[in-house]
2 protein chains.
Amino acid sequence: MKLPEAKTQFINNWGAMGTQWGINRTMAQIHALLLVSNTALTQDDIMEQLNISRGNVNMNTRDLVDWGLINRVIIQGERKEHFTAEKDIWKVAAHIIRERKKRELDPMIKLLAQLENIDGDKKEKETRQFLEMIGTIKKLGQKAGKLLDVLVKAEENKFTSAVMKALK
Amino acid sequence: MKLPEAKTQFINNWGAMGTQWGINRTMAQIHALLLVSNTALTQDDIMEQLNISRGNVNMNTRDLVDWGLINRVIIQGERKEHFTAEKDIWKVAAHIIRERKKRELDPMIKLLAQLENIDGDKKEKETRQFLEMIGTIKKLGQKAGKLLDVLVKAEENKFTSAVMKALK
DNA sequence: TTTTATTTTCATTTTTTTTTGAAACTTCTG
DNA sequence: CAGAAGTTTCAAAAAAAAATGAAAATAAAA
């Protein structure tokens with residue numbers, strides 16, 4: 001396999017993987033494209049390489065910037081704005097973890113805490129069972145959250161060492 | 001909030017959460033419903049409680065059984081088949097981790113390994129950069145995989161202790 | 001075996017998500 | 001300031017995913 005084909009493969013598979021994780025295909029592809037590109041790319045470059053519309057590029061680059069996964073960069077003398085991906089994969093992973101935790105895990109835990117406040121006879125079996133289920137899920141969520149915090153708070157290459165510790 | 005309302009809230013939010021993670025709403029809802037139900041439920045029960053069609057229930061229960069998250073149970077004297085959820089949340093988490101790793105992470109790592117086999121001048125900057133990127137992602141994937149294995153291989157309540165170790 | 005109850009399948013419909021593209025808007029340049 | 005270049009927005013179209021429901025298949029009962 002030649003380099004360009006390998007890049008395409010990577011981009012497409014990254015896109016497919018994305019969909020399985022609730023990330024839209026194009027967004028994942030743009031991210032992948034920028035990851036394996038050595039130069040900063042413009043909207044037009046991305047449109048051309050992935051065969052997608054300007055609006056699509058614009059929306060998804062905006063989201064990726066929001067997620068902190070790519071950056072707008074200004075290039076001396078160039079009028080158009082360019083994009084680059086954060087190339088440090090460990091940082092990328094940390095970003096994604098931090099964001100998804102904040103947007104999804106934390107609110108879920110909050111909800112579970114609310115559900116623990118039902119008014120009802122705690123002597124009743126059904127109530128007890130429900131509260132136990134909710135409580136256990138909340139505990140699991142909190143534990144997972146802490147684990148993610150550790151992974152993420154550790155600086156750059158400490159990411160590795162945090163993981164390595166867990167493997168001992 | 002009363003118990004039935006709390007259950008409904010839980011079911012709906014679990015469903016919404018599911019979609020964000022690439023799991024279809026109904027499948028997540030059925031799982032949630034069975035989690036907070038003290039009795040085993042039939043297709044008809046599920047149809048009624050969630051207001052969905054028979055076909056839908058059938059497909060999604062099948063998938064949930066495949067994922068190992070719910071079970072078909074036989075009840076003495078009853079003709080219809082019943083479903084129950086695995087109630088041990090730590091086991092549920094372990095199941096999900098194991099399955100998603102197997103179906104998604106492992107194949108991705110395999111692909112990355114293939115992409116490392118490009119034929120091209122490894123002295124060339126572009127090639128080197130690509131290989132480094134792929135290599136780093138693969139390494140991250142492998143490390144994540146190992147971490148997940150540890151979390152999952154640990155028996156039941158050891159899950160907790162594995163996580164706790166990582167938090168030290 | 002025939003009837004009846006239950007489950008499964010899958011072509012079709014519905015809903016949801018994503019993409020397009022042209023108009024509106026903004027920013028730069030001469 | 002006028003025009004050109006670039007970016008954003010968003011209603012409408014297209015595509016993808018999920019749900020329906022009735023017919024087919026299967027399993028149990030009579």
Side-chain angles (χ1 to χ4, degrees), chain A residues 11-34 40-67 70-84 103-104, chain B residues 11-34 40-67 69-84 100 103-104:
Chain A
I11 291 166
N12 289 335
N13 281 277
W14 205 244
M17 172 96 333
T19 30
Q20 294 191 288
W21 284 87
I23 288 150
N24 96 34
R25 188 195 266 31
T26 306
M27 184 163 143
Q29 284 183 337
I30 294 175
H31 184 221
L33 171 63
L34 288 169
L41 302 182
T42 63
Q43 271 199 351
D44 296 82
D45 294 333
I46 298 171
M47 285 169 64
E48 194 189 334
Q49 299 231 23
L50 301 180
N51 267 291
I52 57 181
S53 72
R54 183 176 304 287
N56 199 357
V57 171
N58 193 76
M59 282 174 150
N60 285 111
T61 46
R62 160 198 284 285
D63 285 350
L64 283 165
V65 169
D66 285 350
W67 277 83
I70 68 173
N71 295 107
R72 291 173 203 281
V73 295
I74 289 151
I75 291 184
Q76 278 303 339
E78 296 261 9
R79 181 90 173 268
K80 296 180 185 171
E81 64 184 7
H82 289 62
F83 296 94
T84 49
R103 300 180 194 198
E104 294 155 22
Chain B
I11 291 167
N12 289 334
N13 281 277
W14 205 245
M17 173 98 330
T19 28
Q20 296 192 289
W21 284 88
I23 288 151
N24 95 35
R25 187 195 272 23
T26 306
M27 182 162 145
Q29 284 182 338
I30 294 176
H31 184 221
L33 171 62
L34 289 169
L41 303 182
T42 63
Q43 271 198 354
D44 295 82
D45 295 332
I46 298 170
M47 283 169 64
E48 196 190 331
Q49 300 232 20
L50 300 181
N51 267 290
I52 57 181
S53 72
R54 168 161 275 107
N56 198 358
V57 171
N58 193 74
M59 282 175 151
N60 284 111
T61 47
R62 161 198 281 287
D63 285 349
L64 283 164
V65 170
D66 285 351
W67 277 83
L69 298 180
I70 68 174
N71 295 108
R72 290 172 205 282
V73 295
I74 289 150
I75 291 184
Q76 279 300 341
E78 296 263 9
R79 181 89 174 267
K80 296 182 184 172
E81 65 184 6
H82 290 61
F83 296 94
T84 47
R100 292 200 82 149
R103 299 181 194 198
E104 294 155 21

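What you see is a predicted model; the values in this text were computed from it and never measured. Lettering follows sequence order; numbering is per chain, from 1.
Put simply, CD1 on I74(B) is 14 Å from C1' on dT7(C), counting in whole angstrom units. Distance NZ (K80(B)) to C1' (dA29(D)): 16 Å, rounded to an integer number of Å. Note: CG (D44(A)) to P (dA5(D)) measures 13 Å, nearest angstrom. Rounded to an integer number of Å, the gap from I23(B) CD1 to dA17(D) P is 15 Å. Atom pair M47(B):CE and dA22(D):P shows a separation of 11 Å (rounding to whole Å applied). Atom CZ of R72(B) and atom C1' of dT26(D) are 13 Å apart (whole Å). What separates CD1 of I75(B) from C1' of dT6(C) is a distance of 15 Å, to the nearest Å. Across the protein-nucleic acid pair, Q43(B) atom CD and dG21(D) atom P stand 15 Å apart, rounded to whole Å.
Every residue two or more places apart in sequence or in another chain that forms a side chain to side chain contact (heavy atoms under 4.5 Å, CB included) with Q49(A) is listed here: L33(A). Applying the side chain to side chain contact (heavy atoms under 4.5 Å, CB included) rule to N60(B) yields the partners N24(B), T26(B), M27(B), I30(B), N56(B); only residues at least two apart in sequence or on another chain are considered. For the salt bridge (charged side-chain N to carboxylate O under 4.0 Å, His left out) test, residues two or more places apart in sequence or in another chain that qualify with R72(A) are E81(A). Residues forming a salt bridge (charged side-chain N to carboxylate O under 4.0 Å, His left out) with R100(B) (at least two apart in sequence, or on another chain): E104(B).
Residue N58(B) places none of its side-chain N or O atoms closer than 4.0 Å to OP1 or OP2 of dT7(C).
Identified under the salt bridge (charged side-chain N to carboxylate O under 4.0 Å, His left out) test for residues 42-62 of chain A, with sequence neighbours left out: D44(A)-R54(A), D44(A)-K80(A).
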> F83(B) and I46(B): side-chain contact (heavy atoms from CB on, under 4.5 Å), yes or no, with the steps?
Replying inline: CA-CA 9 Å; F83(B) 296 94; I46(B) 298 170; 4.3 Å; yes

> What is the per-nucleotide protein-contact pattern of nucleotides 19-30 of chain C, from the 5' end, where B denotes a base atom under 4.0 Å from a protein heavy atom, S denotes such proximity for sugar-phosphate atoms only, and - denotes neither?
Replying inline: SBB-----BBS-

